Amino acid sequence: MNAVPGITLNDGNTIPQLGFGVFQIEPEDTAEAVSEALRIGYRHIDTAEMYANEKEVGDAIRASGLDRSEVFITSKLSNAAHDPRDAREAFDRTLSDLGFDYVDLFLIHWPLPMLYGGDFVSTWKTLEEFDSDGRARSIGVSNFQVEHLERLAAETETVPAVNQIEVHPYLTNEAVRSYGREHGIATEAWSPIAQGAVLDDPTITKIAEKVGKTPAQVVLRWHIQRGDIVFPKSVTPSRIKENFEIFDLELGSEDMEGISALDRGEQGRTGAHPDTFAYAPN
Ligand SMILES: NC(=O)c1ccc[n+]([C@@H]2O[C@H](COP(=O)([O-])OP(=O)(O)OC[C@H]3O[C@@H](n4cnc5c(N)ncnc54)[C@H](OP(=O)(O)O)[C@@H]3O)[C@@H](O)[C@H]2O)c1
């Protein structure tokens, strides 16, 4: 049985703990990959304006014959649109590209503390508008460090429902995860298999052999048992299926701890550092 558990967010909404990510899927390949994921049973898709494939995500969901309410859709604000007026336009564009009148979850993609005079607070207040008018059922952030979350707590009303951050066995990101745990912010782990980099690790391959699963399944299961939300990306049908089949095993505490001990701290980070990332598309 592959029943994906739901995680209840701090606003009462429920998100499927396992979803499907579409970062770096070319627009022309996106509808096929998302259709395959929906066929296998995924009901949660993670996209972003900066992935340039929201339209194809919407097309695949419509073509699946599933009701809109059966699929949880997340999208994210472009780094180019933090100014409130731009953010309103960008959100309209996201809904129009998806072809739906709401998203389940909308995130600030990056805090960009070195751009916009360091102001992500007015951006967050703009997301609160989308939440109030019902066009974003939940709102959250991505790549926020503890100090960014503390600033939102001090200066705004709404606690983000989620914080989507880089987490995998080589970067367990404990400080940010534990702030989230203490303040009711669910952690979403991006690049959950470090884009494949952790799959040859001997600790992981040994556990995989022992439990009769693949390294990717073991790592995704580790995330699930830690309580994080994951959405591995793949354009390969056999892997899309493999990544979904992680609910018929339970890792013991020794294996869980062994994987967590692979943490390399900052050296394990594969993506940009949120404190210094300052990219905005034209
Ligand atoms: N908020 C952010 O800033 C941010 C940043 C990065 C990612 N994300 C989100 O997180 C999602 C997942 O992260 P990601 O795409 O960076 O990386 P990922 O899911 O950790 O890894 C994807 C890579 O691993 C391969 N792969 C997938 N399943 C596999 C398996 N079972 N065995 C072996 N290889 C496998 C894929 O290859 P093939 O596709 O060739 O099969 C692809 O190259 C993204 O799609 C996006 O939704 C968010």
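Being a predicted model, the structure only gives us computed values, none of them experimental. Values reported hereafter were calculated over all heavy atoms of this structure, with side chains retained and with hydrogens, waters and symmetry mates removed. Indexing begins at 1, ligand by ligand and atom by atom, following the structure's order.
Close N/O approach between Val235 and ligand 1 is found [any backbone or side-chain N/O within under 3.5 Å]. Residue Ile193 has at least one nitrogen or oxygen atom sitting less than 3.5 Å from a nitrogen or oxygen atom of ligand 1, judged on distance alone. At a 3.5 angstrom cut-off on N or O pairs, Lys76 does not count as close to ligand 1.
The proximity of Ala48 to ligand 1, defined as any non-hydrogen pair under 4.0 Å, does not occur for either the backbone or the side chain. When non-hydrogen atoms are compared, ligand 1 lies under 4.0 Å from the side chain of Asn143 (C-beta onward) but not from its backbone. For Trp110, every heavy-atom contact with ligand 1 shorter than 4.0 Å involves the side chain, none the backbone. For Gln195, heavy-atom contacts with ligand 1 shorter than 4.0 Å involve the backbone as well as the side chain. Under 4.0 angstrom from ligand 1, there are no non-hydrogen atoms of Thr47. Using a 4.0 Å cut-off between heavy atoms, Pro192 contacts ligand 1 through both its backbone and its side chain. Residue contacts with ligand 1 for Thr214 are absent, since no atom lies close enough (heavy atoms, distance under 4.0 Å).
For the salt bridge (charged side-chain N to carboxylate O under 4.0 Å, His left out) test, residues two or more places apart in sequence or in another chain that qualify with Glu266 are Arg269. Considering only residues two or more places apart in sequence or on other chains, Asp104 meets the side chain to side chain donor-acceptor pair (under 3.5 Å) condition with Arg68.
Proximity of Gly271 to ligand 1 is not established, as no heavy-atom distance is less than 4.0 Å. Heavy-atom distances between Phe20 and ligand 1 stay at or above 4.0 Å for every pair. The closest approach between His109 and ligand 1 falls below 4.0 Å for a heavy atom of the residue.
Atoms of ligand 1 lying under 4.0 Å from at least one heavy atom of Asp46, given by number and element, are 9 (C), 46 (C), 47 (O). Close approach to Ser142 involves these atoms of ligand 1, each under 4.0 Å from a residue heavy atom: 1 (N), 2 (C). The atoms of ligand 1 that sit less than 4.0 Å from any heavy atom of Leu199 are 32 (N), 33 (C), 34 (N). Taking a cut-off of under 4.0 Å to the non-hydrogen atoms of Thr236, the atoms of ligand 1 that pass are 38 (P), 40 (O), 41 (O). Within the listing of ligand 1, atoms 20 (O) sit less than 4.0 angstrom from a heavy atom of Ala194. Set against the non-hydrogen atoms of Phe23, the atoms of ligand 1 under 4.0 Å away are 6 (C), 7 (C), 16 (O), 44 (C), 45 (O), 46 (C). Using a 4.0 Å cut-off to heavy atoms of Gln164, the atoms of ligand 1 that qualify are 1 (N), 2 (C), 4 (C), 8 (N), 9 (C), 48 (C).
Residues Asn143 and Pro111 have side chains in contact (heavy-atom distance under 4.5 Å, counting atoms from C-beta outward). Trp222 places a side-chain heavy atom less than 4.5 Å from the side chain of Leu251.
Using modelled atom types and a 3.5 Å distance limit, the side chains of Ser75 and Glu54 yield a donor-acceptor pair. Between Arg221 and Gln217, the side chains place no donor N or O within less than 3.5 Å of an acceptor N or O (distance only, hydrogens not considered). A side-chain donor-acceptor contact under 3.5 Å links Asp46 and Gln164.
For the pair Arg135 and Phe91, the NZ or CZ position fails the cation-pi test of under 6.0 Å to the six-membered ring centre and within 45 degrees of the ring normal. Because its NZ or CZ atom is both nearer than 6.0 Å to the ring centre of Phe120 and within 45° of the ring axis, Arg151 counts as a cation-pi partner of that residue. The cationic atom of Arg62 (NZ for Lys, CZ for Arg) lies less than 6.0 Å from the six-membered ring centre of Phe100 and within 45° of the ring axis.
Scanning the protein for heavy atoms near atom 37 (O) of ligand 1, the closest one is Arg239 NH1, 3.1 Å. The shortest contact between atom 12 (C) of ligand 1 and any protein heavy atom is with Phe231 O, 3.3 Å. Summary of contacts: the protein heavy atom closest to atom 28 (N) of ligand 1 is Asn243 ND2, 3.0 Å. Regarding atom 6 (C) of ligand 1, its nearest protein heavy-atom neighbour is Trp190 CE3, 3.2 Å.
A salt bridge links Arg177 with Glu174: the distance from a Lys NZ or Arg NE/NH1/NH2 to an Asp or Glu carboxylate oxygen falls below 4.0 Å. Under the 4.0 Å criterion applied to side-chain N and carboxylate O atoms, Arg93 and Asp97 are not assigned as salt-bridge partners.
Aromatic ring centroids of Tyr279 and His109 lie 6.0 Å or more apart. When ring centroids are compared, His183 and Tyr179 come within the 6.0 Å threshold. Between Phe20 and His44, the distance from one ring center to the other does not fall under 6.0 angstrom.
The closest heavy-atom contact to atom 15 (O) of ligand 1, among the options Gln217, Lys233, Glu242, comes from Lys233. Of the candidates Ala216, Ser191, Ser238, Ser234, Ser191 brings a heavy atom nearest to atom 14 (P) of ligand 1.
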